[in-house]
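Below is one structure, written out as structure tokens, with a few remarks after it.
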Amino acid sequence: MTEWNAWIGREQRSGDRLDPSLAARWCATFDLPPPAGEAMPQGIHFCLCTPEAPTAQLGEDGHPRRDDSAASFLPPVPLPRRMWAASEIEFLGPIAVDAPVERVSRVATIAAKDGRSGPMTFVEVVHETSAGGALAVRETQTLVYREAAPADAPLAPPPPGEGAFDPAGWDAHRLVHPDPRLLFRYSALTFNTHRIHYDAPYAAEVERYRGLVVHGPLTASLLLQLAARELGDNVLKRFAFRGLSPAIAGEPLHLAMRGAGDAIELAAFAGDGRQVTRASAAA
């Protein structure tokens, strides 16, 4: 039990349309050709029903401010650092270009814990996204709130070590270098104003990151695209990912996949072998 239990069960509804312009911008961001049919590749749902908070209501970090009013969907946890820690996703149907989209979001759980780095609060939010009146994606997203980093904290992650990622043992591998242009475009697609993705001085001086941080759902989208390259578009039925360590813009990011059927393992690694993201999927 926490002091934020009044927020459990709180719902938020939002609407959108996957218009051809958004579809084209998404494909251009990832250097992908337009889809062969009407259905967009998996991962497009991250860019639909995005936050609509006015600029005047943004906090210093770029996230919408939270308060104890009935209009505040997320609880006003006083811990200032918010991160998208993980997601578990069910793909129930494709989302077609020009489809009307509705998302119903519900706060499912709130839990306060003490970790090695201090107090943390975990908030689970269930998002149900419908397209054309049919449920297309059900996602349970885990947010974590943490204390601010000390001003003298070492920059994270540590500088690259002498190791190297070895793709041996993986069935598929892709090397990418997500640069600030890609991060900027993805922030625009998702209307994400968290400053760690585009404001390098803020990222280093305030949140103590070694560089611009690659979005968790951006890395997840790249892993989904690796699965689509190997298995085909819109084949996955389930996909789950968890962030383990920050990926830094401009540095090598290795995407890897192995397994088949309902036992697919995916992962992202930094150039020196440090694991960035752990993921699993079922087709």
Side-chain angles (χ1 to χ4, degrees), residues 10-30 32 35 39-66 71-75 82-91 93-108 123-132 135-145 178 180-199 212-222 224-225 239 241 243:
R10 189 167 292 198
E11 286 192 352
Q12 182 181 68
R13 292 176 177 266
S14 53
D16 206 341
R17 181 176 292 273
L18 178 49
D19 61 57
S21 295
L22 173 58
R25 291 192 298 270
W26 190 90
C27 292
T29 295
F30 291 108
L32 294 174
M40 282 291 288
Q42 291 171 335
I44 186 62
H45 74 283
F46 292 133
C47 304
L48 297 168
C49 299
T50 56
E52 296 179 346
T55 301
Q57 294 181 11
L58 298 178
E60 178 64 21
D61 63 356
H63 282 305
R65 284 196 297 265
R66 307 177 308 280
S72 181
F73 173 64
L74 293 172
R82 169 180 158 184
M83 293 177 289
W84 185 334
S87 277
E88 295 183 2
I89 303 169
E90 296 176 77
F91 293 110
I95 301 178
V97 176
D98 222 24
V101 176
E102 181 184 46
R103 188 173 77 176
V104 180
S105 302
R106 176 176 53 84
V107 177
V123 179
E124 286 191 344
V125 180
V126 177
H127 301 290
E128 293 190 334
T129 301
S130 298
L135 185 60
V137 181
R138 180 183 292 114
E139 175 180 8
T140 300
Q141 178 186 357
T142 301
L143 304 173
V144 59
Y145 295 89
R181 297 169 299 174
L182 176 61
L183 271 62
F184 179 86
R185 281 186 155 193
Y186 197 74
S187 288
L189 285 172
T190 55
F191 210 46
N192 182 345
T193 47
H194 194 182
R195 292 170 64 181
I196 62 172
H197 304 305
Y198 61 86
D199 185 340
L212 295 177
V213 178
V214 180
H215 315 62
L218 171 52
T219 301
S221 295
L222 292 169
L224 286 169
Q225 290 161 32
F239 176 74
F241 71 93

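Model, not experiment: these values are computed from the prediction.
For residues 14-27, no pair satisfies side chain to side chain donor-acceptor pair (under 3.5 Å), with sequence neighbours left out.
The aromatic rings of F91 and H45 lie perpendicular to each other, with more than 60° between the two planes, well past the 30° mark. Between W84 and F241, the two ring planes are tilted [angle within 30° to 60°].
Summarising the geometry of T190 relative to P51, their closest heavy-atom pair is O-CD, 3.7 Å, with the distance given to 0.1 Å. Taking every heavy atom of both residues into account, A220 and F46 meet most closely at CB-CE1, 4.4 Å. Closest of all the heavy-atom pairs between V126 and A108 is CG2-CB, 4.0 Å. Summarising the geometry of S130 relative to L135, their closest heavy-atom pair is OG-CA, 3.7 Å, with the distance given to 0.1 Å. Here the closest heavy-atom approach between residue P35 and residue M40 is recorded as CG-SD, 3.7 Å. Scanning all heavy atoms of the two residues, the minimum distance from L18 to A96 falls at CD2-O, 3.6 Å.
One finds the NE2 atom of H63 at 7.0 Å from the CD1 atom of I196 (value rounded to the nearest 0.5 Å). To the nearest 0.5 angstrom, Q57 atom CD is 7.0 Å from R65 atom CZ. Atom CE of M83 sits about 12.0 Å away from atom OG1 of T142, to the nearest 0.5 Å. L218 CG to N192 CG: the interatomic distance, rounded to the nearest 0.5 Å, is 10.5 Å. Rounding to the nearest 0.5 angstrom, the gap separating the CD atom in E128 from the CD atom in E102 is 10.0 Å. Rounding to the nearest 0.5 Å gives a distance of 12.0 Å between NE2 of H197 and CG of L182.
Looking only at side-chain heavy atoms (C-beta outward), C49 and V101 come within less than 4.5 Å of each other. For the pair L74 and V125, the minimum side-chain heavy-atom distance is below 4.5 Å. Side chains of T193 and S187 form no contact here, defined as non-hydrogen atoms less than 4.5 Å apart. Counting heavy atoms from C-beta on, the side chains of Y186 and S221 come closer than 4.5 Å.
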Checking side chain to side chain contact (heavy atoms under 4.5 Å, CB included) for the pair T129/R103: CA distance, chi angles, key distance, verdict?
CA-CA 4 Å; T129 301; R103 188 173 77 176; 3.5 Å; yes
Start with the C-alpha distance between Q225 and F30, add both sets of side-chain angles, then the distance that settles side chain to side chain contact (heavy atoms under 4.5 Å, CB included), and finish with yes or no.
CA-CA 9 Å; Q225 290 161 32; F30 291 108; 3.4 Å; yes
Please test E139 against S87 for side-chain hydrogen bond (donor to acceptor under 3.5 Å, both in side chains), starting from the C-alpha separation and ending with a verdict.
CA-CA 7 Å; E139 175 180 8; S87 277; 2.6 Å; yes
Can you check side chain to side chain contact (heavy atoms under 4.5 Å, CB included) on R82 and L143, steps first, answer last?
CA-CA 7 Å; R82 169 180 158 184; L143 304 173; 4.1 Å; yes
Trace of the side chain to side chain contact (heavy atoms under 4.5 Å, CB included) decision for L48 with L22
CA-CA 9 Å; L48 297 168; L22 173 58; 3.6 Å; yes
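Side chain of R66 to backbone of P75: a donor-acceptor contact under 3.5 angstrom is found. A donor-acceptor contact shorter than 3.5 Å links the side chain of R10 to the backbone of S72. Here the side chain of Y198 pairs no donor or acceptor atom with the backbone of L183 at under 3.5 angstrom.
More than 12 heavy atoms of other residues, nucleotides or ligands lie within 6.0 Å of CD in E11, so this atom counts as buried by the packing criterion. Within 6.0 Å of CD in Q12 there are more than 12 heavy atoms belonging to other residues, nucleotides or ligands. Environment of CZ in F73: crowded, with over 12 heavy atoms of neighbouring residues, nucleotides or ligands closer than 6.0 Å.
Residues forming a side chain to side chain contact (heavy atoms under 4.5 Å, CB included) with P94 (at least two apart in sequence, or on another chain): A39, N234.
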